[in-house]
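The structure appears right after this line, and notes come after that.
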Amino acid sequence: MDHPLGNRVVGPDLPPRTGTIPSKSLTLNLNGTSFQGLRQGNTDLVRGTDYTISGNTLTLTASALTRLAGNRAYGVNATIEARFSQGAAWQISIITSDPPIQSAANGTTSSFVIPTQFRGDQLATMEATYANGSPAGPANWTSYKEFWSNFQPDYAANTITLKPDFFAEVTDGTVNLTFHFWSGVQIKYRITKSGSSVTGSPA
């Protein structure tokens, strides 16, 4: 059975470090269960003050998010649990992030690394298309490429590696990449492949 909470990460509406934090809503797919409440550690969050529930919509209030975000350091500031009438509690991460920043790179089809300052965000997926808009790389019926086998983020190293399996099915020329992050931010990057040589820069 699918878990009742379709989206477990809170973060797209948190400001970058400063400013007023708005409320944030998540859609619940209850699948026959009922929502029982939210908890942080051993403390229950207060319905009506910290959150509201209306039908399938769970809304964390601005005041609760401001408290949970704390000093708004990049990354996960707090984790809370959504509890239901059956099944395990679901983790919700309160995340502060700024849009990631990528830099130019040179490499080869066997070793190509894009410098990426994630700034608290996390990579969700990557799209790859040729200049004419057709999908590039493996599984060429879709522009979305396979996580890990085609591309791999390293948050500690601040890099995204494009894997040899990806380049094995890319023709020479320009490829437009779109990196989708959990915050909702999309970053454009352009690479050019010539034989085994690859160059890249923000688009």
Side-chain angles (χ1 to χ4, degrees), residues 6-19 24 68-79 91-203:
N7 180 359
R8 73 181 187 92
V9 178
V10 178
D13 296 331
L14 289 183
R17 300 293 183 99
T18 60
K24 169 67 180 177
L68 292 164
N71 65 4
R72 303 187 207 180
Y74 285 148
V76 177
N77 301 137
T79 300
Q91 304 295 307
I92 303 173
S93 297
I94 312 299
I95 296 172
T96 294
S97 65
D98 280 334
I101 297 174
Q102 295 185 313
S103 304
N106 294 287
T108 67
T109 54
S110 60
S111 179
F112 186 76
V113 178
I114 301 172
T116 304
Q117 298 177 44
F118 291 99
R119 306 209 296 173
D121 217 335
Q122 293 191 10
L123 185 61
T125 191
M126 182 188 81
E127 289 186 86
T129 60
Y130 293 114
N132 65 5
S134 64
N140 62 8
W141 59 87
T142 177
S143 62
Y144 290 91
K145 302 297 106 175
E146 186 175 354
F147 205 101
W148 211 260
S149 65
N150 287 182
F151 63 97
Q152 179 179 331
D154 185 331
Y155 299 107
N158 282 309
T159 60
I160 298 173
T161 299
L162 300 186
K163 308 296 280 293
D165 283 356
F166 170 73
F167 286 112
E169 298 186 48
V170 170
T171 60
D172 282 2
T174 298
V175 176
N176 296 311
L177 306 177
T178 302
F179 292 97
H180 296 255
F181 293 86
W182 281 115
S183 66
V185 169
Q186 297 180 21
I187 304 293
K188 303 287 188 181
Y189 197 87
R190 181 174 295 115
I191 60 173
T192 301
K193 175 180 175 289
S194 177
S196 62
S197 176
V198 183
T199 61
S201 62

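Here, residue 1 is the first one in the sequence, and each next residue gets the next number. Because the structure is a prediction, the values reported are computed rather than measured.
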Here the pair of heavy atoms bringing Phe151 nearest to Met126 is CZ-N, 3.5 Å
Side-chain contact, heavy-atom cut-off 4.5 Å: Val185 with Phe179? no
Measure across Asp165 and Ser149 and return the closest heavy-atom pair with its distance rounded to 0.1 Å. CB-O, 3.5 Å
Any chance you could measure Ser93, atom OG, to Leu68, atom CG, to the nearest 0.5 Å? 11.5 Å
Quick check against the 3.5 Å criterion: does Lys145 have a side-chain atom that pairs as donor or acceptor with the backbone of Pro138? yes
So CG of Asn150 and CZ of Phe166: to nearest 0.5 Å the spacing works out to 7.0 Å
Nearest 0.5 angstrom please: Thr161 OG1 to Ile114 CD1, how far? 8.5 Å
My understanding is that only one of Asp121, Asp98, Thr96 makes a side chain to side chain donor-acceptor pair (under 3.5 Å) with Tyr74; could you say which? Asp98
Closest contact, heavy atoms only, Phe112 versus Ile191: CE2-CG2, 3.9 Å
Side-chain contact, heavy-atom cut-off 4.5 Å: Lys193 with Asp172? yes
Between the NZ atom in Lys163 and the CD atom in Glu146, the distance rounded to the nearest 0.5 Å is 10.0 Å
Do you know which two heavy atoms are closest between Thr174 and Tyr130, and how far apart they sit? O-CD2, 3.8 Å
Report yes or no: do Ser143 and Glu127 form a side-chain donor-acceptor pair below 3.5 Å? yes
Closest non-hydrogen atom pair between Phe167 and Thr109, with its separation: CD1-O, 3.5 Å
Evaluation steps, side chain to side chain contact (heavy atoms under 4.5 Å, CB included), between Phe118 and Ile160: CA-CA 10 Å; Phe118 291 99; Ile160 298 173; 3.7 Å; yes
Could you grab the distance from atom OG of Ser97 to atom CZ of Phe181, nearest 0.5 Å is fine? 10.0 Å
Spacing of CG belonging to Asn106 relative to OG belonging to Ser111, to within rounding of 0.5 Å: 11.5 Å
CA sep, side-chain torsions, deciding dist, call: Ile187, Gln102, side chain to side chain contact (heavy atoms under 4.5 Å, CB included): CA-CA 8 Å; Ile187 304 293; Gln102 295 185 313; 3.4 Å; yes
Any non-hydrogen side-chain atom of Val198 less than 4.5 Å from a side-chain atom of Leu162? no
Gly120 and Ile95 have their tightest heavy-atom pair at O-CG2, 3.6 Å
